[in-house]
Amino acid sequence: MVRCAALNSCEIKVLGCGANVLVRDEGFSGAVVRLDGPAFREVRVEDRYVRVGAGVDLMPLSRAMCRQGLSGLECMAGIPASVGGAVRMNAGGRHGEFGSVVRSLDVLAPDGRLESWDARRAGFGYRSSSLNGHIVVRAGLELTSEDPAVAEARYVEFLAEKTRSQPLADKSAGCIFKNPNGVSAGALIDRAGLKGLRIGGAEVSSRHANFIIADRSTGTDDVLRLIDLVRERVRAEHNVELETEIDIW
Ligand code: EPU
């Protein structure tokens, strides 16, 4: 399928669990793939090493690993992501990043060849990797042994912290902007007085200003216009240029 798309100059996008993605109202004209088959949902644990398919949901995986006495994924509590998406974005937060436990990757090159990579080749950075058109199909993780009760307590604590400070129950695409030079984008937007600012059905969350919440009827256009407005106001107020963290298709 990947080879066929390449031959026909058809762009491929992989939809993980739908987090961190905003699809324009006019849609996307290439192929959208979901890695949903059993092979992409496989989890194999050997000692502290775990091989996981790219379609595996990270939060349930993280909790299951804690219960087996394997630590390293607790920082993923409250972050909706598939393994493939978490690799591509180097998902994470204050407590850690996914890339730090990834040791190897199986990826499909744009020409359809399957390649095995050492994780260092993935170039993990702040919410970024250098996968450039390569599709993750499997990841090899190295976790650390830990008392299951301690690991799970940490997971629960991180999740509670996120639930308190982020609008996890509302519909959103996650944090909209990257933190510029380590400064909280949410705090900058908040200090510019933008919580509650609305365009159509899109609203800057009053719980955490780096989230834009929306209802089912909200068009992407409203969200994009609100993103531009927030960026403009933050530039005027703080002289800081915000860069989006979400993927806009
Ligand atoms: N703050 C405000 N107002 C707000 C939001 C935050 O004043 O509306 C203040 C908080 O009170 C706190 C500081 O800003 O003093 C930092 O806030 P927080 O702990 O929520 O962290 P953050 O820097 O805003 C980052 C990540 C989040 C991650 C949290 C916690 C980015 C862009 N954001 O947010 O990640 O969940 O730390 O680990 O890196 C994401 O990547 O999608 C994401 C949401």
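Excluded from the calculations below are hydrogen atoms, water molecules and symmetry mates; all remaining heavy atoms, backbone and side chain alike, are included. Remember, it's 1-based here, ligands and their atoms both numbered in the order they're listed.
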Asn210 heavy atoms within 4.0 Å reach ligand 1 at atoms 32 (C)
- Take atom 12 (C) of ligand 1 and look for protein heavy atoms under 4.0 Å from it; say yes if you find one, no if not. no
heavy-atom search around atom 37 (O) of ligand 1 in the protein gives Arg94 N, 4.1 Å
Ranked by distance from atom 28 (C) of ligand 1, the top protein heavy atom is Gln166 NE2, 3.7 Å
- Hey, are Arg207 and Asp170 close enough for a salt bridge, meaning a charged N less than 4.0 Å from a carboxylate O? no
One finds that the ligand 1 atoms under 4.0 Å from a non-hydrogen atom of Ala209 are 4 (C), 8 (O)
> Can Arg127 and Glu97 be counted as an ion pair, charged N to O under 4.0 angstrom?
Replying inline: yes
task: Using a distance threshold of 4.0 Å (strictly less than), state whether atom 15 (O) of ligand 1 has a protein heavy-atom neighbour.
output: no
for atom 35 (O) of ligand 1, nearest protein heavy atom and its distance come out as Cys175 SG, 3.7 Å
message: Taking Glu42 first and then Arg51, would you say they form a salt bridge - that is, a charged N and a carboxylate O separated by under 4.0 Å?
response: no
Looking at Ile246, Asn179, Leu242, the heavy atom closest to atom 25 (C) of ligand 1 belongs to Asn179
| said: Any heavy atom of Glu161 closer to ligand 1 than 4.0 angstrom? | reply: no
Original post:
So is Cys75 close enough to ligand 1, meaning a heavy atom under 4.0 angstrom away?
Top reply: no
Given the options Leu73, Val56, Leu143, Val50 meets side chain to side chain contact (heavy atoms under 4.5 Å, CB included) only with Leu143
- [ ] Let me see the working for Trp117 and Ser104 under side chain to side chain contact (heavy atoms under 4.5 Å, CB included), right down to the final yes or no.
- [x] CA-CA 6 Å; Trp117 284 16; Ser104 63; over 6 Å; no
Is it true that Arg41 and Asp36 make a salt bridge, defined as a side-chain N closer than 4.0 Å to a carboxylate O?
yes
Atom 20 (O) of ligand 1 sits nearest the protein heavy atom His208 NE2, 2.9 Å
Under 4.0 angstrom from ligand 1, any heavy atom of Arg127?
yes
Hey, are Asp222 and Arg225 close enough for a salt bridge, meaning a charged N less than 4.0 Å from a carboxylate O?
yes
Exercise. Return the orientation label for the His95 and Phe158 ring planes: parallel under 30°, perpendicular over 60°, tilted otherwise.
Key: parallel
protein heavy-atom neighbour closest to atom 41 (O) of ligand 1 works out as Glu245 OE2, 2.9 Å
Taking only non-hydrogen atoms of Phe177 and a 4.0 Å limit, the atoms of ligand 1 in range are 32 (C)
* Within 6.0 Å of CD in Glu241, more than 12 heavy atoms from elsewhere -> yes
For Tyr126, the atoms of ligand 1 under 4.0 Å from one of its heavy atoms are 31 (C), 32 (C), 39 (O)
Self-check item: Residues Leu141, Phe98; criterion side chain to side chain contact (heavy atoms under 4.5 Å, CB included); working and verdict
Solution: CA-CA 9 Å; Leu141 317 179; Phe98 190 57; 3.8 Å; yes
The closest protein heavy-atom partner of atom 7 (O) of ligand 1 is Asp190 OD2, 3.5 Å
Check this for me, if you would: do Glu203 and Arg198 make a salt bridge, where the nitrogen-to-carboxylate-oxygen distance has to be below 4.0 angstrom?
yes
Are any non-hydrogen protein atoms located under 4.0 Å from atom 33 (N) of ligand 1? yes
With a 4.0 Å cut-off on N to O distance, would you call Asp118 and Arg121 a salt bridge?
no
Near Lys195 (heavy-atom distance under 4.0 Å), the atoms of ligand 1 are 8 (O)
Of Ala187, Ala77, Ser184, the one whose closest heavy atom lies nearest atom 22 (P) of ligand 1 is Ser184
